[in-house]
Number of protein chains: 2
Amino acid sequence: MDAYNYIKEAIILGKFEPGMRLGEETLAKELNLSRTPIREAIKQLEAEGLVVPLKRGVGVRHFTKEDIREIYDLRSLLESYAAGQAAINRTEADLIELETANQLYEKEIFDTHRDPNSIRNIVRVNSRFHDTVVSAAKNKHLYFHISKVVVVPMVFRSFYWYTDFQLQQSLEVHKIIFEAIKNKEPERARIAMHEHIFQGRDNVLKHLDDSTISHLFKEEA
Amino acid sequence: MDAYNYIKEAIILGKFEPGMRLGEETLAKELNLSRTPIREAIKQLEAEGLVVPLKRGVGVRHFTKEDIREIYDLRSLLESYAAGQAAINRTEADLIELETANQLYEKEIFDTHRDPNSIRNIVRVNSRFHDTVVSAAKNKHLYFHISKVVVVPMVFRSFYWYTDFQLQQSLEVHKIIFEAIKNKEPERARIAMHEHIFQGRDNVLKHLDDSTISHLFKEEA
DNA sequence: TATTGACTTATTGTATACAAAGACAGTAAA
DNA sequence: TTTACTGTCTTTGTATACAATAAGTCAATA
(Lines give C-alpha, C1' and ligand atoms only; values in the text may rest on other atoms or scores of the structure.)
Protein backbone atom coordinates (compact mmCIF):
# COMPACT_ATOMS: atom_id res chain seq x y z
CA MET A 1 0.00 0.00 0.00
CA ASP A 2 1.26 3.47 -0.78
CA ALA A 3 1.95 6.09 1.87
CA TYR A 4 -1.18 8.11 1.09
CA ASN A 5 -3.60 5.26 1.62
CA TYR A 6 -1.68 3.87 4.56
CA ILE A 7 -1.88 7.13 6.49
CA LYS A 8 -5.45 7.80 5.43
CA GLU A 9 -6.63 4.40 6.58
CA ALA A 10 -4.74 4.69 9.83
CA ILE A 11 -6.54 7.97 10.53
CA ILE A 12 -9.98 6.63 9.58
CA LEU A 13 -9.54 3.47 11.62
CA GLY A 14 -8.31 5.47 14.58
CA LYS A 15 -4.81 4.03 14.69
CA PHE A 16 -3.56 7.59 14.42
CA GLU A 17 -5.66 9.55 16.88
CA PRO A 18 -6.71 13.18 16.48
CA GLY A 19 -4.03 15.60 17.55
CA MET A 20 -1.27 13.04 17.03
CA ARG A 21 1.71 14.52 15.31
CA LEU A 22 2.84 12.82 12.09
CA GLY A 23 6.62 12.90 11.93
CA GLU A 24 8.09 12.29 8.51
CA GLU A 25 11.02 10.21 9.68
CA THR A 26 8.79 8.00 11.83
CA LEU A 27 6.37 7.30 8.99
CA ALA A 28 9.25 6.72 6.60
CA LYS A 29 10.65 3.99 8.83
CA GLU A 30 7.19 2.51 9.39
CA LEU A 31 6.69 2.15 5.65
CA ASN A 32 10.28 1.41 4.66
CA LEU A 33 10.40 4.46 2.48
CA SER A 34 12.37 7.68 2.36
CA ARG A 35 10.87 10.98 3.46
CA THR A 36 10.15 12.17 -0.08
CA PRO A 37 7.07 10.03 -0.83
CA ILE A 38 5.85 10.56 2.75
CA ARG A 39 5.94 14.30 2.30
CA GLU A 40 3.92 14.04 -0.89
CA ALA A 41 1.27 11.91 0.78
CA ILE A 42 1.03 14.41 3.63
CA LYS A 43 0.60 17.30 1.20
CA GLN A 44 -2.35 15.50 -0.39
CA LEU A 45 -3.97 14.72 2.94
CA GLU A 46 -3.48 18.34 3.93
CA ALA A 47 -5.25 19.49 0.77
CA GLU A 48 -8.15 17.22 1.74
CA GLY A 49 -8.20 18.60 5.26
CA LEU A 50 -7.55 15.32 7.02
CA VAL A 51 -4.32 16.57 8.57
CA VAL A 52 -3.57 20.09 9.71
CA PRO A 53 -0.42 22.09 10.43
CA LEU A 54 0.98 21.29 13.86
CA LYS A 55 4.29 22.48 15.26
CA ARG A 56 6.26 22.84 12.03
CA GLY A 57 4.77 19.71 10.51
CA VAL A 58 1.32 18.17 10.58
CA GLY A 59 -0.97 16.30 12.92
CA VAL A 60 -4.22 14.37 12.60
CA ARG A 61 -7.12 16.78 12.54
CA HIS A 62 -9.61 16.61 15.35
CA PHE A 63 -13.25 17.42 14.87
CA THR A 64 -15.31 19.45 17.27
CA LYS A 65 -19.05 19.00 17.74
CA GLU A 66 -19.44 22.05 15.57
CA ASP A 67 -17.39 20.35 12.83
CA ILE A 68 -19.61 17.28 13.01
CA ARG A 69 -22.72 19.38 12.72
CA GLU A 70 -21.33 21.28 9.77
CA ILE A 71 -20.13 18.18 7.99
CA TYR A 72 -23.45 16.40 8.36
CA ASP A 73 -25.33 19.48 7.16
CA LEU A 74 -23.12 19.57 4.11
CA ARG A 75 -23.29 15.86 3.49
CA SER A 76 -27.04 15.93 3.81
CA LEU A 77 -27.30 18.76 1.29
CA LEU A 78 -25.08 16.99 -1.23
CA GLU A 79 -26.33 13.45 -0.83
CA SER A 80 -30.02 14.30 -0.81
CA TYR A 81 -29.45 16.28 -4.00
CA ALA A 82 -27.63 13.24 -5.38
CA ALA A 83 -30.56 10.98 -4.46
CA GLY A 84 -32.93 13.29 -6.30
CA GLN A 85 -30.73 13.34 -9.37
CA ALA A 86 -30.30 9.58 -9.17
CA ALA A 87 -34.09 9.22 -9.39
CA ILE A 88 -33.87 11.10 -12.69
CA ASN A 89 -30.69 9.72 -14.24
CA ARG A 90 -30.32 6.17 -12.90
CA THR A 91 -29.79 3.30 -15.32
CA GLU A 92 -30.97 -0.28 -14.98
CA ALA A 93 -27.44 -1.25 -13.99
CA ASP A 94 -27.58 1.27 -11.14
CA LEU A 95 -30.80 -0.31 -9.85
CA ILE A 96 -29.22 -3.77 -9.85
CA GLU A 97 -26.18 -2.49 -7.98
CA LEU A 98 -28.35 -0.66 -5.44
CA GLU A 99 -30.39 -3.77 -4.78
CA THR A 100 -27.26 -5.89 -4.43
CA ALA A 101 -25.76 -3.44 -1.93
CA ASN A 102 -28.93 -3.49 0.14
CA GLN A 103 -29.13 -7.29 0.12
CA LEU A 104 -25.55 -7.48 1.36
CA TYR A 105 -26.35 -4.82 3.94
CA GLU A 106 -29.31 -6.86 5.18
CA LYS A 107 -27.14 -9.96 5.39
CA GLU A 108 -24.41 -8.21 7.34
CA ILE A 109 -26.89 -6.73 9.81
CA PHE A 110 -28.42 -10.11 10.58
CA ASP A 111 -25.10 -11.92 10.85
CA THR A 112 -23.32 -9.26 12.87
CA HIS A 113 -21.45 -10.11 16.03
CA ARG A 114 -20.73 -6.44 16.64
CA ASP A 115 -16.99 -7.01 16.67
CA PRO A 116 -14.66 -4.57 14.87
CA ASN A 117 -14.46 -6.84 11.85
CA SER A 118 -18.21 -7.10 11.54
CA ILE A 119 -18.60 -3.34 11.92
CA ARG A 120 -16.11 -2.87 9.12
CA ASN A 121 -18.21 -5.07 6.88
CA ILE A 122 -21.34 -3.14 7.72
CA VAL A 123 -19.56 0.12 6.98
CA ARG A 124 -18.36 -1.29 3.69
CA VAL A 125 -21.76 -2.39 2.36
CA ASN A 126 -23.45 0.73 3.69
CA SER A 127 -20.87 2.82 1.85
CA ARG A 128 -21.47 0.74 -1.25
CA PHE A 129 -25.16 1.69 -1.24
CA HIS A 130 -24.51 5.39 -0.66
CA ASP A 131 -21.74 5.38 -3.22
CA THR A 132 -24.04 3.86 -5.82
CA VAL A 133 -26.74 6.44 -5.19
CA VAL A 134 -24.23 9.24 -5.73
CA SER A 135 -22.82 7.50 -8.76
CA ALA A 136 -26.32 7.11 -10.24
CA ALA A 137 -26.76 10.89 -10.09
CA LYS A 138 -24.32 11.08 -13.01
CA ASN A 139 -22.37 14.09 -11.88
CA LYS A 140 -18.66 13.32 -11.54
CA HIS A 141 -17.89 16.54 -9.70
CA LEU A 142 -20.66 15.95 -7.21
CA TYR A 143 -19.24 12.47 -6.68
CA PHE A 144 -15.76 13.83 -6.15
CA HIS A 145 -16.80 16.34 -3.53
CA ILE A 146 -19.11 14.00 -1.64
CA SER A 147 -16.29 11.49 -1.35
CA LYS A 148 -14.18 14.19 0.33
CA VAL A 149 -16.96 15.22 2.70
CA VAL A 150 -17.75 11.69 3.76
CA VAL A 151 -14.21 10.53 4.39
CA VAL A 152 -14.02 11.57 7.97
CA PRO A 153 -13.03 9.24 10.81
CA MET A 154 -16.41 9.91 12.35
CA VAL A 155 -18.34 7.96 9.78
CA PHE A 156 -16.46 4.80 10.57
CA ARG A 157 -16.89 4.98 14.31
CA SER A 158 -20.54 5.98 14.27
CA PHE A 159 -21.63 2.45 13.45
CA TYR A 160 -20.48 1.24 16.84
CA TRP A 161 -23.30 3.21 18.35
CA TYR A 162 -26.15 1.80 16.30
CA THR A 163 -28.51 -0.51 18.15
CA ASP A 164 -29.91 -3.53 16.33
CA PHE A 165 -33.14 -1.64 15.92
CA GLN A 166 -31.38 1.37 14.45
CA LEU A 167 -29.50 -0.79 11.98
CA GLN A 168 -32.79 -2.38 10.95
CA GLN A 169 -34.38 1.03 10.63
CA SER A 170 -31.46 2.22 8.54
CA LEU A 171 -31.98 -0.69 6.16
CA GLU A 172 -35.66 0.16 5.81
CA VAL A 173 -34.83 3.72 4.79
CA HIS A 174 -32.32 2.37 2.25
CA LYS A 175 -35.18 0.37 0.75
CA ILE A 176 -37.43 3.44 0.59
CA ILE A 177 -34.67 5.39 -1.14
CA PHE A 178 -34.18 2.53 -3.55
CA GLU A 179 -37.90 2.39 -4.39
CA ALA A 180 -38.04 6.13 -4.95
CA ILE A 181 -35.04 6.01 -7.28
CA LYS A 182 -36.47 3.01 -9.11
CA ASN A 183 -39.87 4.68 -9.57
CA LYS A 184 -38.27 7.97 -10.64
CA GLU A 185 -39.59 10.01 -7.72
CA PRO A 186 -36.87 12.63 -7.09
CA GLU A 187 -38.60 14.47 -4.28
CA ARG A 188 -39.31 11.30 -2.33
CA ALA A 189 -35.73 10.09 -2.80
CA ARG A 190 -34.34 13.45 -1.78
CA ILE A 191 -36.42 13.73 1.37
CA ALA A 192 -35.78 10.14 2.42
CA MET A 193 -32.04 10.59 2.04
CA HIS A 194 -32.15 13.83 3.96
CA GLU A 195 -33.97 12.16 6.86
CA HIS A 196 -31.60 9.21 6.71
CA ILE A 197 -28.48 11.30 7.05
CA PHE A 198 -29.95 13.47 9.78
CA GLN A 199 -30.75 10.35 11.75
CA GLY A 200 -27.09 9.40 11.49
CA ARG A 201 -26.12 12.90 12.53
CA ASP A 202 -28.35 12.86 15.60
CA ASN A 203 -27.00 9.50 16.59
CA VAL A 204 -23.43 10.73 16.41
CA LEU A 205 -24.08 13.99 18.27
CA LYS A 206 -25.95 12.12 20.99
CA HIS A 207 -22.87 9.98 21.70
CA LEU A 208 -20.28 12.73 21.60
CA ASP A 209 -20.37 13.14 25.37
CA ASP A 210 -19.79 9.44 25.84
CA SER A 211 -16.65 8.99 27.92
CA THR A 212 -15.30 6.10 25.83
CA ILE A 213 -14.78 8.31 22.81
CA SER A 214 -14.51 11.78 24.23
CA HIS A 215 -10.74 11.71 23.93
CA LEU A 216 -11.18 11.52 20.17
CA PHE A 217 -12.69 14.96 20.08
CA LYS A 218 -11.61 18.37 21.05
CA GLU A 219 -14.04 20.51 22.91
CA GLU A 220 -15.29 23.62 21.19
CA ALA A 221 -13.66 26.88 22.16
CA MET B 1 5.23 33.27 -4.43
CA ASP B 2 5.38 29.58 -3.67
CA ALA B 3 5.15 26.88 -6.29
CA TYR B 4 1.58 25.92 -5.45
CA ASN B 5 0.14 29.39 -5.93
CA TYR B 6 2.32 30.12 -8.93
CA ILE B 7 1.08 27.08 -10.83
CA LYS B 8 -2.49 27.55 -9.68
CA GLU B 9 -2.59 31.16 -10.82
CA ALA B 10 -0.96 30.29 -14.13
CA ILE B 11 -3.71 27.74 -14.75
CA ILE B 12 -6.54 30.07 -13.74
CA LEU B 13 -5.20 32.95 -15.81
CA GLY B 14 -4.72 30.68 -18.78
CA LYS B 15 -0.94 30.96 -18.99
CA PHE B 16 -0.86 27.18 -18.73
CA GLU B 17 -3.51 25.98 -21.14
CA PRO B 18 -5.63 22.85 -20.67
CA GLY B 19 -3.86 19.72 -21.79
CA MET B 20 -0.44 21.29 -21.37
CA ARG B 21 1.98 18.96 -19.70
CA LEU B 22 3.66 20.23 -16.53
CA GLY B 23 7.24 19.00 -16.45
CA GLU B 24 8.91 19.11 -13.07
CA GLU B 25 12.32 20.17 -14.32
CA THR B 26 10.83 22.98 -16.42
CA LEU B 27 8.81 24.37 -13.54
CA ALA B 28 11.79 24.04 -11.22
CA LYS B 29 13.92 26.21 -13.50
CA GLU B 30 11.07 28.69 -13.98
CA LEU B 31 10.80 29.17 -10.23
CA ASN B 32 14.47 28.75 -9.32
CA LEU B 33 13.69 25.79 -7.12
CA SER B 34 14.56 22.13 -7.03
CA ARG B 35 12.08 19.46 -8.09
CA THR B 36 11.10 18.55 -4.53
CA PRO B 37 8.87 21.55 -3.72
CA ILE B 38 7.46 21.43 -7.27
CA ARG B 39 6.36 17.83 -6.80
CA GLU B 40 4.63 18.71 -3.55
CA ALA B 41 2.74 21.57 -5.19
CA ILE B 42 1.67 19.27 -8.01
CA LYS B 43 0.39 16.65 -5.55
CA GLN B 44 -1.79 19.26 -3.91
CA LEU B 45 -3.17 20.52 -7.21
CA GLU B 46 -3.86 16.93 -8.19
CA ALA B 47 -5.82 16.38 -4.98
CA GLU B 48 -7.90 19.42 -5.88
CA GLY B 49 -8.47 18.14 -9.39
CA LEU B 50 -6.87 21.07 -11.19
CA VAL B 51 -4.23 18.89 -12.80
CA VAL B 52 -4.63 15.30 -13.94
CA PRO B 53 -2.27 12.41 -14.74
CA LEU B 54 -0.81 12.76 -18.20
CA LYS B 55 1.94 10.62 -19.68
CA ARG B 56 3.79 9.63 -16.51
CA GLY B 57 3.39 13.07 -14.97
CA VAL B 58 0.60 15.60 -14.95
CA GLY B 59 -1.05 18.10 -17.25
CA VAL B 60 -3.55 20.93 -16.85
CA ARG B 61 -7.05 19.56 -16.70
CA HIS B 62 -9.43 20.49 -19.45
CA PHE B 63 -13.13 20.86 -18.87
CA THR B 64 -15.77 19.59 -21.22
CA LYS B 65 -19.20 21.17 -21.62
CA GLU B 66 -20.47 18.38 -19.42
CA ASP B 67 -17.93 19.35 -16.73
CA ILE B 68 -19.08 22.96 -16.87
CA ARG B 69 -22.71 21.94 -16.50
CA GLU B 70 -21.88 19.68 -13.57
CA ILE B 71 -19.73 22.27 -11.83
CA TYR B 72 -22.35 24.99 -12.14
CA ASP B 73 -25.06 22.64 -10.88
CA LEU B 74 -22.92 21.84 -7.88
CA ARG B 75 -21.91 25.42 -7.27
CA SER B 76 -25.51 26.52 -7.51
CA LEU B 77 -26.57 23.91 -4.96
CA LEU B 78 -23.86 24.89 -2.50
CA GLU B 79 -23.94 28.64 -2.89
CA SER B 80 -27.70 28.98 -2.82
CA TYR B 81 -27.70 26.93 0.38
CA ALA B 82 -24.99 29.24 1.69
CA ALA B 83 -27.07 32.29 0.83
CA GLY B 84 -30.01 30.83 2.74
CA GLN B 85 -27.85 30.09 5.76
CA ALA B 86 -26.29 33.54 5.53
CA ALA B 87 -29.77 35.05 5.85
CA ILE B 88 -30.05 33.20 9.13
CA ASN B 89 -26.56 33.51 10.59
CA ARG B 90 -25.16 36.78 9.22
CA THR B 91 -23.68 39.33 11.62
CA GLU B 92 -23.69 43.10 11.28
CA ALA B 93 -20.06 42.93 10.20
CA ASP B 94 -21.07 40.59 7.37
CA LEU B 95 -23.64 43.08 6.16
CA ILE B 96 -21.08 45.88 6.09
CA GLU B 97 -18.64 43.72 4.16
CA LEU B 98 -21.34 42.66 1.67
CA GLU B 99 -22.33 46.26 1.06
CA THR B 100 -18.71 47.30 0.61
CA ALA B 101 -18.13 44.53 -1.91
CA ASN B 102 -21.17 45.57 -3.90
CA GLN B 103 -20.19 49.21 -3.89
CA LEU B 104 -16.77 48.31 -5.24
CA TYR B 105 -18.41 46.03 -7.76
CA GLU B 106 -20.62 48.89 -8.94
CA LYS B 107 -17.62 51.16 -9.22
CA GLU B 108 -15.61 48.65 -11.24
CA ILE B 109 -18.50 48.02 -13.62
CA PHE B 110 -18.94 51.71 -14.37
CA ASP B 111 -15.23 52.41 -14.75
CA THR B 112 -14.40 49.34 -16.79
CA HIS B 113 -12.46 49.57 -20.01
CA ARG B 114 -12.92 45.86 -20.63
CA ASP B 115 -9.19 45.24 -20.74
CA PRO B 116 -7.67 42.20 -18.97
CA ASN B 117 -6.71 44.27 -15.97
CA SER B 118 -10.19 45.70 -15.57
CA ILE B 119 -11.72 42.24 -15.93
CA ARG B 120 -9.42 41.01 -13.17
CA ASN B 121 -10.68 43.75 -10.90
CA ILE B 122 -14.29 42.88 -11.65
CA VAL B 123 -13.57 39.22 -10.95
CA ARG B 124 -11.91 40.19 -7.69
CA VAL B 125 -14.75 42.28 -6.29
CA ASN B 126 -17.38 39.85 -7.55
CA SER B 127 -15.52 37.05 -5.75
CA ARG B 128 -15.36 39.20 -2.67
CA PHE B 129 -19.16 39.45 -2.57
CA HIS B 130 -19.71 35.73 -3.15
CA ASP B 131 -17.00 34.88 -0.67
CA THR B 132 -18.63 37.01 1.98
CA VAL B 133 -22.02 35.41 1.43
CA VAL B 134 -20.51 31.97 1.94
CA SER B 135 -18.53 33.17 4.91
CA ALA B 136 -21.70 34.63 6.48
CA ALA B 137 -23.31 31.18 6.37
CA LYS B 138 -20.97 30.25 9.23
CA ASN B 139 -20.08 26.78 8.05
CA LYS B 140 -16.33 26.34 7.62
CA HIS B 141 -16.65 23.04 5.80
CA LEU B 142 -19.17 24.48 3.36
CA TYR B 143 -16.75 27.34 2.77
CA PHE B 144 -13.86 24.96 2.17
CA HIS B 145 -15.71 22.91 -0.41
CA ILE B 146 -17.22 25.86 -2.25
CA SER B 147 -13.79 27.37 -2.63
CA LYS B 148 -12.65 24.15 -4.33
CA VAL B 149 -15.67 24.04 -6.65
CA VAL B 150 -15.37 27.66 -7.69
CA VAL B 151 -11.65 27.68 -8.39
CA VAL B 152 -11.90 26.66 -11.98
CA PRO B 153 -10.31 28.57 -14.83
CA MET B 154 -13.77 28.97 -16.32
CA VAL B 155 -14.95 31.45 -13.73
CA PHE B 156 -12.19 33.85 -14.59
CA ARG B 157 -12.75 33.82 -18.31
CA SER B 158 -16.51 33.99 -18.17
CA PHE B 159 -16.45 37.68 -17.35
CA TYR B 160 -15.06 38.49 -20.76
CA TRP B 161 -18.40 37.49 -22.20
CA TYR B 162 -20.61 39.70 -20.10
CA THR B 163 -22.18 42.65 -21.88
CA ASP B 164 -22.52 45.95 -20.04
CA PHE B 165 -26.18 45.15 -19.55
CA GLN B 166 -25.40 41.74 -18.10
CA LEU B 167 -22.86 43.21 -15.68
CA GLN B 168 -25.47 45.73 -14.60
CA GLN B 169 -28.03 42.97 -14.21
CA SER B 170 -25.56 40.93 -12.18
CA LEU B 171 -25.09 43.85 -9.81
CA GLU B 172 -28.85 44.20 -9.38
CA VAL B 173 -29.13 40.55 -8.35
CA HIS B 174 -26.27 41.05 -5.88
CA LYS B 175 -28.32 43.84 -4.34
CA ILE B 176 -31.40 41.63 -4.10
CA ILE B 177 -29.34 38.90 -2.41
CA PHE B 178 -27.92 41.47 -0.03
CA GLU B 179 -31.37 42.75 0.89
CA ALA B 180 -32.67 39.24 1.49
CA ILE B 181 -29.72 38.40 3.74
CA LYS B 182 -30.09 41.71 5.56
CA ASN B 183 -33.83 41.18 6.13
CA LYS B 184 -33.32 37.55 7.18
CA GLU B 185 -35.29 36.03 4.31
CA PRO B 186 -33.51 32.69 3.64
CA GLU B 187 -35.81 31.49 0.86
CA ARG B 188 -35.55 34.73 -1.07
CA ALA B 189 -31.77 34.77 -0.71
CA ARG B 190 -31.53 31.13 -1.75
CA ILE B 191 -33.66 31.53 -4.85
CA ALA B 192 -31.96 34.76 -5.93
CA MET B 193 -28.53 33.14 -5.63
CA HIS B 194 -29.71 30.11 -7.55
CA GLU B 195 -31.00 32.28 -10.40
CA HIS B 196 -27.83 34.35 -10.32
CA ILE B 197 -25.52 31.39 -10.74
CA PHE B 198 -27.66 29.79 -13.41
CA GLN B 199 -27.50 33.01 -15.38
CA GLY B 200 -23.72 32.77 -15.22
CA ARG B 201 -23.93 29.16 -16.26
CA ASP B 202 -26.11 29.89 -19.27
CA ASN B 203 -23.80 32.66 -20.31
CA VAL B 204 -20.77 30.37 -20.21
CA LEU B 205 -22.46 27.51 -22.03
CA LYS B 206 -23.71 29.86 -24.73
CA HIS B 207 -20.15 30.93 -25.51
CA LEU B 208 -18.53 27.52 -25.45
CA ASP B 209 -18.81 27.15 -29.23
CA ASP B 210 -17.09 30.48 -29.72
CA SER B 211 -14.01 29.92 -31.85
CA THR B 212 -11.78 32.22 -29.80
CA ILE B 213 -11.95 29.99 -26.78
CA SER B 214 -12.81 26.61 -28.19
CA HIS B 215 -9.19 25.50 -27.98
CA LEU B 216 -9.45 25.81 -24.22
CA PHE B 217 -11.96 23.01 -24.09
CA LYS B 218 -11.99 19.42 -25.08
CA GLU B 219 -15.03 18.14 -26.86
CA GLU B 220 -17.10 15.57 -25.04
CA ALA B 221 -16.51 11.97 -26.03
C1' DT C 1 8.29 30.33 41.57
C1' DA C 2 7.94 32.38 37.21
C1' DT C 3 10.26 34.27 33.34
C1' DT C 4 13.75 35.25 30.28
C1' DG C 5 17.65 34.02 27.68
C1' DA C 6 21.12 31.38 25.36
C1' DC C 7 22.17 26.81 23.93
C1' DT C 8 21.29 22.23 22.18
C1' DT C 9 18.66 19.09 19.62
C1' DA C 10 15.26 17.36 16.66
C1' DT C 11 12.70 17.96 12.54
C1' DT C 12 11.46 20.10 8.48
C1' DG C 13 12.74 22.46 3.85
C1' DT C 14 15.53 22.10 -0.13
C1' DA C 15 18.88 20.34 -3.34
C1' DT C 16 20.94 16.70 -5.69
C1' DA C 17 22.23 12.08 -7.21
C1' DC C 18 20.93 7.80 -8.82
C1' DA C 19 17.57 4.19 -10.27
C1' DA C 20 13.56 2.92 -12.88
C1' DA C 21 10.36 3.19 -16.31
C1' DG C 22 7.76 5.25 -19.96
C1' DA C 23 8.04 7.86 -24.23
C1' DC C 24 10.11 8.41 -28.62
C1' DA C 25 12.58 7.64 -32.86
C1' DG C 26 14.41 4.88 -36.20
C1' DT C 27 14.53 0.56 -38.51
C1' DA C 28 12.96 -3.67 -40.45
C1' DA C 29 9.40 -6.71 -41.85
C1' DA C 30 4.60 -7.57 -43.43
C1' DT D 1 2.05 2.40 -45.74
C1' DT D 2 1.47 0.38 -41.53
C1' DT D 3 2.94 -2.27 -37.73
C1' DA D 4 6.09 -4.22 -34.60
C1' DC D 5 10.43 -4.13 -32.43
C1' DT D 6 14.50 -2.36 -30.24
C1' DG D 7 17.54 0.72 -28.33
C1' DT D 8 18.12 5.46 -26.71
C1' DC D 9 16.71 9.13 -24.17
C1' DT D 10 13.96 11.94 -21.44
C1' DT D 11 11.43 12.34 -17.23
C1' DT D 12 9.68 10.68 -13.11
C1' DG D 13 10.28 7.96 -8.48
C1' DT D 14 13.13 7.44 -4.58
C1' DA D 15 16.93 8.02 -1.46
C1' DT D 16 20.08 10.81 0.84
C1' DA D 17 22.80 14.78 2.28
C1' DC D 18 22.90 19.28 3.89
C1' DA D 19 20.89 23.76 5.41
C1' DA D 20 17.58 26.24 8.03
C1' DT D 21 14.66 26.83 11.76
C1' DA D 22 11.52 25.81 15.19
C1' DA D 23 11.14 23.31 19.54
C1' DG D 24 12.78 21.87 23.75
C1' DT D 25 16.14 22.35 27.75
C1' DC D 26 18.35 24.25 31.40
C1' DA D 27 20.26 27.72 34.00
C1' DA D 28 20.32 32.46 35.63
C1' DT D 29 17.77 36.27 37.33
C1' DA D 30 13.86 38.82 39.11
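Numbered from 1 within each chain, the chains take letters A, B, ... in sequence-line order.
- A donor-acceptor contact under 3.5 angstrom links the side chains of B:Asp94 and B:Thr91, judged on distance only.
- A parallel orientation is assigned to the rings of B:Trp161 and B:His207, their planes being inclined by less than 30° (bins at 30° and 60°).
- Within the 4.5 Å cutoff, the side chain of B:Leu171 has no heavy atoms near those of the B:Leu167 side chain.
- Using cut-offs of 30° and 60° on the angle between ring planes, the pair A:His196 and A:His174 is perpendicular.
- The distance between atom CG of A:Leu54 and atom P of D:dA22, rounded to the nearest whole Å, is 15 Å.
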**OP:** Sugar-phosphate atoms are those with a prime plus P, OP1 and OP2; base atoms are the rest. Using that split, label each nucleotide of nucleotides 11-21 of chain C B, S or - for protein heavy atoms under 4.0 Å, 5' to 3'.
**Re:** BBBBBBB--BB
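- Counting heavy atoms from C-beta outward, A:Lys8 and A:Leu45 have side chains that approach closer than 4.5 Å.
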